[in-house]
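First comes the structure, then the notes that go with it.
Note that this is a predicted model, so its numbers are computed, not measured. Just so it is clear: chains get the letters A, B, ... in the order the sequence lines come, proteins before strands, and each one is counted from 1.
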Amino acid sequence: MLIAAYAIGARDAFVYVRAEYPLAIVRLEKALADARKAGILGQSVLGSGFACDIRIKAGAGAFVCGEETALIESLEGSRGMPRLKPPFPAEKGYLNKPSNINNVETFANVAWIILNGGAKFAAMGTENSKGTKVFALTGKIRRGGLVEIPMGLTLREVIFGIGGGIRDGKRFKAVQMGGPSGGCIPESLLDTRIDYKELGATGAIMGSGGMVVMDETTCMVNMAKFFLDFTARESCGKCVHCRIGTRRLHEILTRITEGRGKEGDVELLEELCRGIKDGALCGLGQTAPNPVLTTIRYFRDEYDAHICERRCPAGECAALRKFWIDPAKCKGCGACARKCPVKAISGEPRSPYAIDSAKCIGCGSCEGACKFGAVSRV
Amino acid sequence: MEAKNVSLTIDGVKVEVPEGTTVLAAAEKAGIEIPNLCFLKSLAPYGACGVCVVEAEGCPKLLRACATTVREGMVVNSKGERALKARKLAFELLMGDHDGDCLGPCKIECPAHTDCQKYVGEIAEGPTARSTSARSPKGASPTPLRR
Amino acid sequence: METFPLPASIGRVCPHPCERKCRRGKVESPISIAALKAFAADETRRRGEFAAAPAIAEPALAGKRVSIVGGGPAGLTCAYQLARRGAKVKVYDQMPEMGGMLRYGIPEYRLPKAVLKAETDLIASMGVEFVNGFKIGRDAKLADLRRECDALVVANGAWRSSPMRIPGEDLEGVLGGIDFLREKPRLDGRTVAVVGGGNTAMDACRTAVRLGAKAVYVVYRRTRAEMPAEEIEIVEAEEEGVSFKFLRNPVEIAAADGRVAAMKLQVMKLGEPDEKGRRRPVPVEGEFEELKLDTVIMAIGQKNDPAGFEQLVATDRGTIAADSAYRAAFKDEAPGLAPVFACGDAVNRGAGIAIQAIAQAKETAESIAAHFAGRAFESGLGTISARDPERIDFSVYEKKPRETAAVRPAAERRADFGEVSKGLTAEQAQAEASRCLKCGCHDYQDCKLIRYAKALKTDVLRLRGEFHPAELETKLVSIERNQRKCIACNLCVRVCEEQAKKGLIGLVGRGFTTVIRPEFRDPAAVAGCAECRLCVDACPTGALRLLAK
């Protein structure tokens, strides 16, 4: 950051950190204190006469403040809502002064490049994406955590190589790339290289480097709803397309996961997604539809099953789950009937019990209660 | 320094405006109304409603006309398919969220949509009020329903 | 008078579908909208202030000659709206006076002719030329009229009674309801049966009483509950001595000495509901009733008379075909001829109530204006936002009784054709009018949101979902904010901040749940409001309103 400040002649620099990372703030404060003590920050950096200091600004819980102009608004003490661009921050940024704003990961690369040279940096990665990238590998993965890898590795190499593949003996289904605004990439595209252009072509984004891995027990429709739940709540509310549009996307997805989907819903979702992407004021709105668009693109059959058959193929959506008692395995102990919250199970002791599917709400309590493995999902 | 003029085309109409003019203002000069809801001439552009979006040749994204400064030779289409879709969506979203009460149900149900509220309101005010007339010039409707 | 020029007449005869939807009905009973209309119109005439609504500037219509065939409610309304717009209008009618069904179909005791005349006189005073006693087919061909004008409107109504199609229908003593009401032959000493259950049947039976009939029956094939006639008409008919025979359907009329002597009635019972939900009448096999009488009046329906109008393209049911812009056409259209329009009972779905004919006529005039001005014509209100009454709390209103006009006692009124209703008194009218809940939005005319939504033909239900939260209105000094109508454009916030330099209100909450109000709900925050009303003027919807002091 200091190098960048020196390059543009900036005296004030800020690190905007989420308040939800108190440990990061403590460590950062210590690092800054140490730097000041060592004369690296202050009135005369390393005695050069160039004055520069870095301050920390803690966020207040708004995802939208990750958008650069919303961040600047928040930094100025205003409500975190994006500004119109142009003018871009380089022209009118903090306090309307020319400002340079980047992710800390970007800045972290600068020192390495200066020390090792640009050519060495460019030697890593692909034609369009140079150097390394940090990823947070999570979900149904054997070995999760933060990894820094050179650009150009394939998703397969990261997930199955570094990550050790899917845990609990399950199959890979999809990986969500780029956080809640990213896209879901299916198995067929596992050989996509980690590269801005290649990822973009799949409909996903590099984003913040999130990689959430999913297996066959994940319902992709529910996953899209889960992400929309987040982005719709985090919408700042300034622009119409995002404020109302993301809310409506969430409502439609909720309907579908609850078995109330209608013919034409998928087309409506797609139309809504395209319109929101076109009309939204900032990146939050422009990318919030990505999980919906990618899951429709790669997992259309799941949407169709929910809407036309009232069935959740992954068995995750409670409202669409149906359970069945195998009469061959049932011992007639009645444990499931006692656990059922809606009294949908009936039978005589020591005879096979049966579930009334009309009353069944799909909660799965019976499956949990059965010690004989007689209850299974339909 | 003398202000330069910029010429551009909006919806097929050529128009010349001073440098720094917005597309919305240039369209107004060309006699074209680009719908807008959150814009006011006396205030800085805000970009909230997303209703004034237009297409511009060579631009991959839609532009907000209220906030975009004209460029020499710009070719703007305010009624292009993509712009219209985004605009229509904005209104569908707004109207879907608008718990308004435009007209009394009596007026809606009447096959001729007669405004009977007007004279009913006058009669309610009493005989000393201005003359009760079945004559009803167009204009303000009575005060809204309070809850 | 903005919509149509017959308020006193319509106020008296309209079955007022508006009252069925009146929200006051959810408190205790609907507003007597029709009675108030009659009162307002009568008051205006009494004060000598009865006048047309202001002229409408329509340069394209200046001096254009429009000929209208039919001087009933449709023809008269069309003439009025065109005259307001500067056209030169001529109305042709076969009868001696203008008014159509209002004059020749509706009895005097419901609508005094003098009242109607005052209204038709006003139309004539606007420069509209009336040509009475003029019948198409006899006095001129429709094509001739078309040649002499710039636009032709056909609004000749539905003046043929629908036949019952039973044996004996052609006997002397059997009359069509429409013809009976028009000719009003004396019925002294006669025993009359009116067949039908609508308002025409009620008009016929009550007129028969007044024309001296000894006994008057109404024969209807369903029950009283299914009768389409207005309840008040049925009640007043009963009071005047009319007897009702329900669940009876005529199957044959018998003669004696060349005249009607008896009518054989099939006994009916109610069966399964039809598509509209009304239970179908079904014959009870083998059960009949004989009614001895000498006069039968058929009031089961009315159709248009195509005689003289054969050149017009017709619909499957024989009515004149008119499109959504009320355009009709000759079967052998030739280019360069004046456009033909058609509206009212003669058109498409056929006979309806007067206000429906008036509605079509008003739009026909607008369609004609649009045609000559070269702009598009759209029928109807277009996109609007309508509140679901379920969302309104009606318990906050104090119940007040509905005012009804006094009527002349039955024994007295059945002997003459004097007006039955005495109309609302001034006190009644004011009491009744103050029950009005004043629904609707004060800003409808100026609302930018609705103007653009109409232009884009927005479907308000397509993306309807939960509404954004709307806090209870709290008065911001003398500015009222309706959060339900707020579209969060933030103009009020910005104008108060940047122009008024006060910044008294702000956004609270995030995203969909954002509301605009004074920060921290602090009354001190708005103490600085100087009521400059910049916010009210800036608001593109009706969310902000300046309250009168």
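Atom OH of C:Tyr452 sits about 6.5 Å away from atom CG of B:Leu37, to the nearest 0.5 Å. Expressed to the nearest 0.5 Å, how far NZ of C:Lys37 lies from CD1 of B:Ile123 amounts to 10.0 Å. Taking CZ from C:Arg387 and CG from B:Leu103, the interatomic distance works out to 14.5 Å, rounded to the nearest 0.5 Å. Atom CG of B:Asp115 is separated from atom OH of C:Tyr444 by 10.5 Å, given to the nearest 0.5 angstrom. Atoms SG and NZ, on B:Cys38 and C:Lys448 in that order, are 9.0 Å from each other to the nearest 0.5 Å.
Distance alone, capped at 3.5 Å, places no donor-acceptor pair between the C:Arg494 side chain and the B:Leu40 backbone.
Taking C:Ile353, C:Thr383, C:Asp388, C:Ile33 one by one and counting their heavy-atom pairs under 4.5 Å with chain B, the maximum is reached by C:Ile33. Among B:Arg87, B:His113, B:Lys88, the residue with the largest count of heavy-atom pairs under 4.5 Å with chain C is B:His113. Most heavy-atom pairs under 4.5 Å with chain C: of the set B:Pro105, B:Ala48, B:Gly104, this distinction falls to B:Pro105. Interface summary for chain B: among C:Leu381, C:Ile384, C:Thr458, C:Ile487, the most heavy-atom pairs under 4.5 angstrom belong to C:Leu381. Per-residue counts of heavy-atom pairs under 4.5 Å with chain C were compared for B:Cys110, B:Cys102, B:Cys106, B:Pro111; the largest is that of B:Cys102. With chain B as the partner, the residue from C:Ser385, C:Ala359, C:Cys489, C:Cys22 showing the most heavy-atom pairs under 4.5 Å is C:Ser385. Looking only at heavy-atom pairs under 4.5 Å with chain B, the residue among C:Thr541, C:Val460, C:Leu456, C:Leu491 that has the most is C:Leu491. The candidate from C:Gln430, C:Arg45, C:His16 with the greatest count of non-hydrogen atom pairs under 4.5 Å with chain B is C:Gln430. Between chain B and the options C:Leu461, C:Asp459, C:Ile358, C:Val495, heavy-atom pairs under 4.5 Å are most frequent for C:Val495.
Both the backbone and the side chain of C:Ser434 come within contact range of chain B, with heavy atoms under 4.5 Å apart. When heavy atoms are compared at a cutoff of 4.5 Å, B:Ala44 approaches chain C by way of both its backbone and its side chain. At a 4.5 Å heavy-atom cutoff, C:Glu432 makes no contact with chain B through either its backbone or its side chain. If you measure heavy-atom distances from B:Leu94 to chain C, the contacts under 4.5 Å come from the side chain alone. With a 4.5 angstrom heavy-atom cutoff, C:Ala386 touches chain B via backbone and side-chain atoms both.
For CD of C:Glu466, the number of neighbouring non-hydrogen atoms (other residues, nucleotides, ligands) closer than 6.0 Å is 12 at most. By the 6.0 Å contact criterion, CD on B:Glu28 is open, its count of non-hydrogen atoms from other residues, nucleotides or ligands being 12 or less. Residue B:Glu72 qualifies as enclosed at atom CD: its count of foreign heavy atoms under 6.0 Å is above 12. For B:Lys79, the NZ atom sits in a packed shell: over 12 heavy atoms of surrounding residues, nucleotides or ligands are nearer than 6.0 Å. Atom CZ of C:Arg46 sits in a crowded spot, with more than 12 heavy atoms from other residues, nucleotides or ligands closer than 6.0 Å.
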Handout entry: Stepwise side chain to side chain contact (heavy atoms under 4.5 Å, CB included) test for C:Arg23 and B:Asp101
Key = CA-CA 12 Å; C:Arg23 283 192 193 141; B:Asp101 193 25; 2.9 Å; yes
Handout entry: Test side chain to side chain contact (heavy atoms under 4.5 Å, CB included) applied to B:Tyr119 and C:Thr44, step by step
Key = CA-CA 11 Å; B:Tyr119 64 76; C:Thr44 312; over 6 Å; no
Problem - Intermediate values then yes/no, side chain to side chain contact (heavy atoms under 4.5 Å, CB included), C:Leu36 and B:Cys116 - result: CA-CA 9 Å; C:Leu36 285 169; B:Cys116 290; over 6 Å; no
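Closest non-hydrogen pair, B:Gln117 versus C:Cys439, comes out as NE2-O, 2.8 Å. For the pair C:Arg464 and B:Met95, the tightest heavy-atom approach, listed with the atom from each and the gap, is NH2-O, 2.9 Å. Nearest heavy-atom pair, B:Gly100 versus C:Lys485, reported as atom, atom and distance to 0.1 Å: CA-CG, 4.2 Å. For the residue pair C:Phe4 and B:Thr114, the shortest heavy atom distance occurs at CE2-OG1, 3.6 Å.
Comment: B:Asp99 engages C:Arg484 in a salt bridge, judged by a side-chain N to carboxylate O separation of less than 4.0 angstrom. Taking 4.0 Å as the cut-off between side-chain N and carboxylate O, B:Glu33 and C:Arg451 count as a salt-bridged pair.
Using a 4.5 Å heavy-atom cutoff, the side chains of B:Ile108 and C:Lys21 are not in contact. Using a 4.5 Å heavy-atom cutoff, the side chains of B:Asp97 and C:Leu463 are not in contact.
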